[in-house]
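What follows is a single structure, written as C-alpha coordinates, with notes after it.
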Amino acid sequence: MENFSIRTENLKKDFGAVSALNGVSFDLSAGLLHGLIGSNGAGKTTTMRLLAGLLRPTAGSVNYFSGGQPAAFADLRPALAYMPQQASLYPDLSVAEHLEFFRELYRLDAATYAARSAELLEITRLAKFRERRAGQLSGGMYKKLGLMCALLQSPSVLLLDEPTNGVDPISRREFWELLYGLAAKKILIVVSTAYMDEAERCSRVHLLDAGRLLASGEPRAVLKEAGAANFEELFIKKGARV
(Lines give C-alpha, C1' and ligand atoms only; values in the text may rest on other atoms or scores of the structure.)
Protein backbone atom coordinates (compact mmCIF):
# COMPACT_ATOMS: atom_id res chain seq x y z
CA MET A 1 0.00 0.00 0.00
CA GLU A 2 1.43 3.36 -1.07
CA ASN A 3 1.98 6.17 1.41
CA PHE A 4 -0.04 9.13 0.09
CA SER A 5 -0.48 12.59 1.60
CA ILE A 6 -2.30 15.72 0.41
CA ARG A 7 -1.69 19.43 0.92
CA THR A 8 -3.99 22.32 0.04
CA GLU A 9 -2.57 25.80 -0.51
CA ASN A 10 -4.75 28.91 -0.40
CA LEU A 11 -7.63 26.86 -1.77
CA LYS A 12 -10.57 28.89 -3.07
CA LYS A 13 -13.80 27.82 -4.73
CA ASP A 14 -16.55 30.10 -5.96
CA PHE A 15 -19.95 29.13 -7.31
CA GLY A 16 -21.00 32.24 -9.13
CA ALA A 17 -21.17 35.04 -6.57
CA VAL A 18 -21.00 32.58 -3.66
CA SER A 19 -17.60 31.86 -2.11
CA ALA A 20 -17.66 28.30 -0.76
CA LEU A 21 -13.96 28.25 0.23
CA ASN A 22 -11.73 31.24 0.83
CA GLY A 23 -8.00 30.61 1.15
CA VAL A 24 -7.91 27.22 2.91
CA SER A 25 -4.47 25.66 3.53
CA PHE A 26 -3.84 22.46 5.47
CA ASP A 27 -1.83 19.22 5.39
CA LEU A 28 -3.39 15.78 5.32
CA SER A 29 -0.53 13.68 6.63
CA ALA A 30 -0.21 10.12 5.40
CA GLY A 31 -1.68 7.28 7.40
CA LEU A 32 -3.74 9.41 9.82
CA LEU A 33 -7.44 9.92 10.46
CA HIS A 34 -8.24 13.55 9.66
CA GLY A 35 -11.49 15.34 10.47
CA LEU A 36 -13.02 18.24 8.54
CA ILE A 37 -15.17 19.77 11.25
CA GLY A 38 -17.85 22.40 10.75
CA SER A 39 -21.55 23.16 10.58
CA ASN A 40 -23.70 22.91 7.46
CA GLY A 41 -22.44 25.38 4.88
CA ALA A 42 -18.91 25.45 6.30
CA GLY A 43 -17.37 24.18 3.06
CA LYS A 44 -16.78 20.56 3.99
CA THR A 45 -18.40 18.93 0.95
CA THR A 46 -16.77 21.40 -1.44
CA THR A 47 -13.39 20.57 0.13
CA MET A 48 -14.03 16.85 -0.22
CA ARG A 49 -14.96 17.18 -3.88
CA LEU A 50 -11.84 19.23 -4.56
CA LEU A 51 -9.67 16.61 -2.82
CA ALA A 52 -11.33 13.88 -4.88
CA GLY A 53 -10.73 15.72 -8.14
CA LEU A 54 -14.46 16.18 -8.79
CA LEU A 55 -14.18 19.99 -8.77
CA ARG A 56 -11.50 22.38 -9.94
CA PRO A 57 -10.44 25.18 -7.57
CA THR A 58 -11.11 28.79 -8.49
CA ALA A 59 -7.68 29.59 -7.08
CA GLY A 60 -5.01 27.86 -5.02
CA SER A 61 -4.11 24.22 -5.37
CA VAL A 62 -4.52 20.66 -4.12
CA ASN A 63 -1.13 18.91 -4.11
CA TYR A 64 -0.60 15.16 -3.86
CA PHE A 65 2.44 13.28 -2.59
CA SER A 66 3.54 9.65 -2.68
CA GLY A 67 6.24 8.64 -0.22
CA GLY A 68 6.83 12.32 0.49
CA GLN A 69 7.51 13.10 -3.18
CA PRO A 70 5.21 15.18 -5.44
CA ALA A 71 2.78 13.02 -7.38
CA ALA A 72 0.18 13.60 -10.08
CA PHE A 73 -3.48 13.10 -9.24
CA ALA A 74 -3.51 10.36 -11.87
CA ASP A 75 -1.05 8.42 -9.68
CA LEU A 76 -3.30 8.67 -6.64
CA ARG A 77 -6.67 8.24 -8.33
CA PRO A 78 -6.66 4.39 -8.52
CA ALA A 79 -5.91 4.26 -4.78
CA LEU A 80 -8.59 6.78 -3.77
CA ALA A 81 -12.14 5.99 -2.65
CA TYR A 82 -14.82 8.63 -2.09
CA MET A 83 -18.08 8.12 -0.19
CA PRO A 84 -20.44 11.07 -0.82
CA GLN A 85 -22.85 12.44 1.73
CA GLN A 86 -25.97 11.97 -0.38
CA ALA A 87 -27.56 8.59 -0.95
CA SER A 88 -25.58 6.95 -3.76
CA LEU A 89 -26.56 3.28 -3.59
CA TYR A 90 -29.24 1.50 -5.59
CA PRO A 91 -32.31 0.85 -3.39
CA ASP A 92 -33.43 -2.20 -5.38
CA LEU A 93 -30.05 -3.96 -5.23
CA SER A 94 -29.16 -6.20 -2.30
CA VAL A 95 -25.99 -5.98 -0.24
CA ALA A 96 -24.49 -8.89 -2.23
CA GLU A 97 -25.53 -7.35 -5.55
CA HIS A 98 -23.84 -4.07 -4.62
CA LEU A 99 -20.61 -5.90 -3.87
CA GLU A 100 -20.82 -7.72 -7.21
CA PHE A 101 -21.48 -4.43 -9.01
CA PHE A 102 -18.42 -2.78 -7.45
CA ARG A 103 -16.37 -5.90 -8.12
CA GLU A 104 -17.02 -5.39 -11.82
CA LEU A 105 -16.39 -1.65 -11.51
CA TYR A 106 -12.99 -2.21 -9.87
CA ARG A 107 -12.23 -5.24 -12.07
CA LEU A 108 -11.24 -7.45 -9.16
CA ASP A 109 -10.22 -11.03 -9.81
CA ALA A 110 -12.27 -13.82 -8.22
CA ALA A 111 -9.79 -14.68 -5.45
CA THR A 112 -9.23 -11.06 -4.38
CA TYR A 113 -12.97 -10.35 -4.41
CA ALA A 114 -13.85 -13.47 -2.40
CA ALA A 115 -11.34 -12.66 0.34
CA ARG A 116 -12.08 -8.93 0.44
CA SER A 117 -15.87 -9.19 0.42
CA ALA A 118 -15.83 -11.87 3.14
CA GLU A 119 -13.60 -9.68 5.32
CA LEU A 120 -15.78 -6.60 4.82
CA LEU A 121 -19.03 -8.44 5.50
CA GLU A 122 -17.54 -9.70 8.74
CA ILE A 123 -16.17 -6.41 10.06
CA THR A 124 -19.37 -4.52 9.17
CA ARG A 125 -21.56 -7.32 10.58
CA LEU A 126 -23.63 -7.34 7.40
CA ALA A 127 -22.97 -10.97 6.45
CA LYS A 128 -26.44 -12.11 7.52
CA PHE A 129 -28.02 -9.28 5.54
CA ARG A 130 -26.43 -10.18 2.20
CA GLU A 131 -29.81 -10.57 0.47
CA ARG A 132 -31.45 -7.47 1.95
CA ARG A 133 -32.06 -4.60 -0.45
CA ALA A 134 -30.28 -1.33 0.22
CA GLY A 135 -33.63 0.50 0.39
CA GLN A 136 -34.64 -1.73 3.31
CA LEU A 137 -31.52 -1.16 5.41
CA SER A 138 -31.43 1.05 8.49
CA GLY A 139 -29.49 4.31 8.27
CA GLY A 140 -26.46 2.84 10.00
CA MET A 141 -26.46 -0.32 7.88
CA TYR A 142 -26.83 1.74 4.71
CA LYS A 143 -23.74 3.78 5.63
CA LYS A 144 -21.82 0.57 6.35
CA LEU A 145 -22.77 -0.77 2.93
CA GLY A 146 -21.50 2.44 1.34
CA LEU A 147 -18.25 2.06 3.25
CA MET A 148 -17.91 -1.56 2.12
CA CYS A 149 -18.32 -0.56 -1.51
CA ALA A 150 -15.65 2.13 -1.09
CA LEU A 151 -13.26 -0.27 0.63
CA LEU A 152 -13.64 -3.15 -1.81
CA GLN A 153 -10.72 -1.88 -3.89
CA SER A 154 -8.44 -1.63 -0.80
CA PRO A 155 -7.80 2.13 -1.13
CA SER A 156 -4.82 3.98 0.34
CA VAL A 157 -6.86 7.22 0.59
CA LEU A 158 -10.45 7.22 1.87
CA LEU A 159 -12.64 10.34 1.72
CA LEU A 160 -15.89 10.10 3.71
CA ASP A 161 -18.33 13.02 3.51
CA GLU A 162 -20.45 13.11 6.70
CA PRO A 163 -20.72 9.31 6.96
CA THR A 164 -22.44 9.42 10.38
CA ASN A 165 -24.93 12.17 9.57
CA GLY A 166 -28.47 11.19 10.53
CA VAL A 167 -27.67 7.79 12.05
CA ASP A 168 -28.40 6.73 15.62
CA PRO A 169 -25.74 7.00 18.37
CA ILE A 170 -25.04 3.24 18.45
CA SER A 171 -24.48 3.14 14.69
CA ARG A 172 -22.25 6.19 14.95
CA ARG A 173 -20.11 4.44 17.55
CA GLU A 174 -19.91 1.26 15.46
CA PHE A 175 -18.93 3.27 12.39
CA TRP A 176 -16.11 4.95 14.28
CA GLU A 177 -14.89 1.56 15.48
CA LEU A 178 -14.65 0.54 11.82
CA LEU A 179 -12.66 3.71 11.06
CA TYR A 180 -10.24 3.02 13.92
CA GLY A 181 -9.61 -0.43 12.48
CA LEU A 182 -8.87 1.11 9.08
CA ALA A 183 -6.66 3.80 10.60
CA ALA A 184 -4.57 1.06 12.22
CA LYS A 185 -3.71 -0.06 8.67
CA LYS A 186 -2.21 3.39 8.00
CA ILE A 187 -4.80 4.41 5.41
CA LEU A 188 -5.13 8.17 4.92
CA ILE A 189 -8.72 8.79 6.05
CA VAL A 190 -10.51 12.13 5.78
CA VAL A 191 -13.92 12.34 7.50
CA SER A 192 -16.17 15.37 7.43
CA THR A 193 -18.67 15.89 10.22
CA ALA A 194 -20.84 18.51 11.86
CA TYR A 195 -20.82 16.58 15.15
CA MET A 196 -18.46 18.41 17.49
CA ASP A 197 -17.92 15.35 19.72
CA GLU A 198 -16.48 13.44 16.75
CA ALA A 199 -13.65 15.96 16.37
CA GLU A 200 -11.88 14.52 19.41
CA ARG A 201 -11.93 11.05 17.80
CA CYS A 202 -9.60 12.20 15.00
CA SER A 203 -5.82 12.18 14.84
CA ARG A 204 -5.87 15.65 13.27
CA VAL A 205 -8.67 18.18 12.87
CA HIS A 206 -9.24 20.99 10.38
CA LEU A 207 -11.97 23.37 11.52
CA LEU A 208 -14.02 25.14 8.86
CA ASP A 209 -16.55 27.96 9.12
CA ALA A 210 -18.16 29.78 6.19
CA GLY A 211 -15.35 28.68 3.90
CA ARG A 212 -12.57 29.78 6.24
CA LEU A 213 -10.08 27.59 8.08
CA LEU A 214 -10.24 28.35 11.80
CA ALA A 215 -7.54 25.96 13.02
CA SER A 216 -5.68 22.74 12.22
CA GLY A 217 -3.76 20.26 14.31
CA GLU A 218 -3.92 17.53 16.93
CA PRO A 219 -7.29 17.89 18.72
CA ARG A 220 -5.98 18.43 22.25
CA ALA A 221 -3.37 20.92 21.05
CA VAL A 222 -6.00 22.88 19.10
CA LEU A 223 -8.27 23.03 22.16
CA LYS A 224 -5.41 24.05 24.43
CA GLU A 225 -4.29 26.84 22.12
CA ALA A 226 -7.85 28.20 21.96
CA GLY A 227 -8.36 27.86 25.72
CA ALA A 228 -11.48 25.79 25.11
CA ALA A 229 -12.76 22.74 26.96
CA ASN A 230 -14.37 21.25 23.84
CA PHE A 231 -14.88 22.02 20.16
CA GLU A 232 -18.34 23.47 20.57
CA GLU A 233 -16.86 26.05 22.96
CA LEU A 234 -13.98 26.70 20.53
CA PHE A 235 -16.35 27.45 17.65
CA ILE A 236 -18.42 29.77 19.85
CA LYS A 237 -15.29 31.61 21.00
CA LYS A 238 -14.31 32.21 17.38
CA GLY A 239 -17.77 33.49 16.53
CA ALA A 240 -18.43 30.53 14.24
CA ARG A 241 -21.58 28.53 13.73
CA VAL A 242 -22.00 25.29 15.67
Mind listing the closest non-hydrogen atom pair of Phe4 and Ser66 along with its distance? CE2-CB, 3.7 Å

Drop me the distance from Met148's CE to Leu126's CG, to the nearest 0.5 angstrom. 4.5 Å

Write out all pairs satisfying salt bridge (Lys or Arg N to Asp or Glu O under 4.0 Å) with one or both partners inside residues 138-152, taking only residues at least two apart or from two chains. Lys144-Glu174

State plainly whether the residues Glu119 and Lys185 are in salt-bridge range, i.e. N to O under 4.0 Å. yes

Note, Leu158 side chain near Leu182 side chain (heavy atom, < 4.5 Å): yes

Cys202 and Trp176 have their tightest heavy-atom pair at SG-CH2, 3.8 Å

Distance (rounded to the nearest 0.5 Å) between Thr45 OG1 and Leu36 CG: 9.5 Å

Tightest non-hydrogen contact, residues Gly43 and Leu21, listed as O-CD2, 3.8 Å

Value rounded to 0.5 Å, distance of OG in Ser138 from CG in Asp168: 7.0 Å

Over all atoms of both residues, closest heavy-atom pair of Ala229 and Leu223: O-CD1, 4.1 Å

Classify the ring geometry of His206 against His34: parallel below 30°, tilted from 30° to 60°, perpendicular beyond 60°. parallel

Under 4.5 Å between side-chain heavy atoms, counting indirect links through other Ile/Leu/Val/Met/Phe/Trp/Tyr residues: same cluster for Phe15 and Val24 or not? yes

Asp209 and Arg212, any side-chain heavy atoms less than 4.5 Å apart: yes

Answer whether the closest heavy-atom distance between the side chains of Asp161 and Pro84 falls below 4.5 Å. no

Value rounded to 0.5 Å, distance of CZ in Phe26 from OG1 in Thr47: 5.5 Å

Looking only at heavy atoms, the pair that brings Ala199 and Pro219 closest together is O-CG, 3.7 Å

Are any non-hydrogen side-chain atoms of Thr8 and Asn63 less than 4.5 angstrom apart? no

Verify, without hydrogens or angle tests, whether Gln153 (side chain) and Pro155 (backbone) share a donor-acceptor contact under 3.5 angstrom. no

Which pairs, with at least one residue in residues 17-44 and sequence neighbours excluded, count as a salt bridge (Lys or Arg N to Asp or Glu O under 4.0 Å)? Arg7-Asp27, Lys44-Glu162

Point-to-point distance, once rounded to the nearest 0.5 Å, from CD1 of Ile123 to CG of Leu147: 7.0 Å

Please confirm whether the backbone N or O of Leu120 pairs with a side-chain atom of Thr124, one donor and one acceptor, at under 3.5 Å? yes

Evaluate the criterion side chain to side chain contact (heavy atoms under 4.5 Å, CB included) for residue pair Leu28 and Ser5; output intermediate values, then yes/no. CA-CA 6 Å; Leu28 300 173; Ser5 57; 6.0 Å; no

Side-chain heavy atoms under 4.5 angstrom apart, residues restricted to Ile, Leu, Val, Met, Phe, Trp, Tyr: same cluster for Leu159 and Phe65? no

Is there a side-chain contact between Arg125 and Met141 in this structure, where contact means two heavy atoms from C-beta onward sitting under 4.5 Å apart? no

Report yes or no: do Ser19 and Asn22 form a side-chain donor-acceptor pair below 3.5 Å? no

In terms of the angle between their ring planes, are Phe102 and Tyr106 parallel, tilted or perpendicular, with boundaries placed at 30° and 60°? tilted

Supply the atom-to-atom distance Ser154 OG to Leu151 CG, rounded to the nearest 0.5 angstrom. 8.0 Å

Minimal heavy-atom distance between Leu188 and Ser29, with the atoms involved, is CD1-O, 3.2 Å

Would you say the side chains of Ser25 and Asn10 form a donor-acceptor pair under 3.5 Å? no

Have Glu198 and Thr193 got a donor and an acceptor in their side chains that come within less than 3.5 Å? yes

Would you say that Leu152 contacts Tyr113 through its side chain, given a criterion of any heavy-atom pair below 4.5 Å between the two side chains? yes

Both conditions, 6.0 Å and 45 degrees, for the charged tip of Lys237 above the ring of Phe235: are they met here? no

Side chain to side chain, Leu51 and Leu80, heavy atoms closer than 4.5 Å: no

Does the side chain of Cys149 come within less than 4.5 Å of Leu145's, by heavy atoms? yes

